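In what follows, chains carry the letters A, B, and so on, assigned in the order in which the sequence lines appear, proteins first and then strands, with residues in each chain numbered from 1. Just so you know, these numbers come straight off a predicted model, no measurement behind them.
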Protein chains: 2
Amino acid sequence: MSQPFSCSHDQHDHCVDAALTAAERLCREQRLRLTPLRRKILTLIWQSHRPVGAYDLLEILQKEGRAAPPTVYRTLDFLLESGLVHRLATRNAYFGCTRPGQDHAGHVLICESCHVLAEIDSADVVRQIDASADAFGFEVRRQTVEVSGLCPRCRQEADHAC
Amino acid sequence: MSQPFSCSHDQHDHCVDAALTAAERLCREQRLRLTPLRRKILTLIWQSHRPVGAYDLLEILQKEGRAAPPTVYRTLDFLLESGLVHRLATRNAYFGCTRPGQDHAGHVLICESCHVLAEIDSADVVRQIDASADAFGFEVRRQTVEVSGLCPRCRQEADHAC
DNA sequence: AAGTAGTATGTTATAAAGTAACAGAAAGTT
DNA sequence: AACTTTCTGTTACTTTATAACATACTACTT
């Protein structure tokens with residue numbers, strides 16, 4: 001799987017394939033059921049490196065038959081709980097996890113211009129947050145870190161425009 | 001203003017007063033209008049060190065006459081833009097800013113048990129996130145950091161329960 | 001292979017969070 | 001006072017998410 005910020009359209013099938021392979025493996029190992037619906041939704045989420053809204057997913061499903069919100073949300077719940085996707089709180093949207101199975105904080109960078117998202121996995125950030133919390137006597141259970149700004153590609157385009 | 005995690009009920013009026021005084025000063029300096037409605041909502045938000053939902057505020061307003069969502073949201077927009085309150089993305093809720101006027105990232109610790117919230121202002125965390133993003137060539141515009149876990153007080157109670 | 005327990009999905013209705021658009025009121029300016 | 005700008009009221013609506021119950025599928029037991 002290439003880096004989201006440098007993944008081009010013709011490379012992208014690899015990302016989807018890799019994500020599905022990883023999902024199959026994880027579900028086999030943890031005795032979870034990757035049903036057709038779950039596989040479908042996971043695939044849809046991986047169609048781009050952008051977060052996708054629940055109702056976007058619903059709309060796509062509805063083009064191929066009837067579907068209602070709970071179907072989507074239940075499937076998302078499964079994917080979230082099994083760690084195959086994460087939720088982007090600042091945008092009420094969902095995106096595929098790049099390292100399912102591995103315990104990690106799920107910090108992300110998200111581009112305000114093209115909306116491409118990348119998970120960063122900075123142990124330094126995690127530690128620094130833990131340390132800051134610790135100074136308050138606070139016990140950290142979950143870190144939500146969502147950084148918005150400009151991805152390298154959009155930055156370059158912005159420069160050229162000047 | 002005492003630390004949220006150690007602020008007791010009988011100290012708390014100081015927090016509200018301090019917040020209002022700071023708000024008045026900020027609005028005077030920046031030629032913003034702290035109208036009765038805005039002052040009212042800000043006061044309601046400061047009634048506790050917990051984040052408050054927009055519809056909670058609405059419900060309170062409705063006990064003293066008619067009110068509708070846009071009234072609340074517009075007022076929140078003003079308070080957000082002027083930096084007097086922040087929004088907690090992970091909970092769709094709002095809380096008073098402890099250092100309005102000063103430029104800062106607005107990182108928070110929030111207790112899963114008692115829901116008390118504290119702004120942390122760790123320059124180290126900010127720098128570490130900037131550095132991590134920089135390694136990707138990503139230009140940071142906004143950092144959202146929301147850490148959930150157990151505050152010192154609830155931690156102690158959890159210990160006693162054992 | 002039939003029964004059954006558990007898990008997954010379909011379906012209807014509704015809750016919770018947030019916004020658009022226009023009308024009227026208050027404040028600030030000339 | 002006339003005018004402009006800003007603020008608030010009001011109605012209607014959009015978006016996001018969930019509750020509750022019905023049906024279908026899977027996997028295990030015998």
Just checking, any donor-acceptor pair under 3.5 angstrom between side chains of [X] and [Y]?
{"X": "A/His104", "Y": "A/His86", "value": "yes"}
{"X": "B/Gln102", "Y": "B/Asp121", "value": "no"}
{"X": "B/Asp10", "Y": "B/Ser8", "value": "yes"}
{"X": "B/His107", "Y": "B/Glu119", "value": "no"}

What residues from [range] pass a heavy-atom cutoff of under 4.0 Å to DNA chain C?
{"range": "residues 71-85 of chain A", "value": "A/Thr71, A/Arg74"}
{"range": "residues 54-65 of chain B", "value": "B/Tyr55"}
{"range": "residues 107-114 of chain B", "value": "none"}

5' to 3' on DNA chain D, which nucleotides open and close the contacts with chain A (atom under 4.0 Å from a heavy atom)? D/dT16 to D/dT26
I'd like to know if the side chain of [X] and the backbone of [Y] have a donor-acceptor N/O pair within less than 3.5 Å.
{"X": "A/Thr71", "Y": "A/Ala67", "value": "no"}
{"X": "A/Arg87", "Y": "A/Leu80", "value": "no"}
{"X": "B/Asp130", "Y": "B/Arg127", "value": "no"}

Which other residues belong to the hydrophobic cluster containing A/Leu34, where Ile, Leu, Val, Met, Phe, Trp and Tyr are joined when side-chain heavy atoms lie under 4.5 Å apart, directly or via other members? none
Can a salt bridge be assigned to the pair [X] and [Y] using a cut-off of 4.0 Å between side-chain N and carboxylate O?
{"X": "A/Glu157", "Y": "A/Arg153", "answer": "no"}
{"X": "B/Lys40", "Y": "B/Glu64", "answer": "yes"}
{"X": "A/Asp77", "Y": "A/Arg74", "answer": "no"}

Is the count of non-hydrogen atoms from other residues, nucleotides or ligands lying under 6.0 Å from A/Arg141 atom CZ greater than 12? yes
Taking atom CZ of B/Arg142 as the centre, report whether more than 12 heavy atoms of other residues, nucleotides or ligands fall under 6.0 Å from it. no
Atom CG of B/Leu88 and atom C1' of C/dA16: how far apart are they, to the nearest Å? 16 Å
Where each residue is assigned the nucleotide of DNA chain C containing its nearest heavy atom, which of B/Asn92 and B/Arg33 is assigned the position nearer the 5′ end? B/Asn92
State, to 0.1 Å, how close B/Ser132 and A/Val125 come at their nearest heavy-atom pair, and which atoms those are. OG-CG2, 3.4 Å
Could you check whether B/His49 and B/His12 have their ring centres less than 6.0 Å apart? yes
Starting from the first five and the last five pairs of the helix from C/dA1-D/dT30 to C/dT30-D/dA1, work out the angle between the resulting helix axes, to 10 degrees. 20°
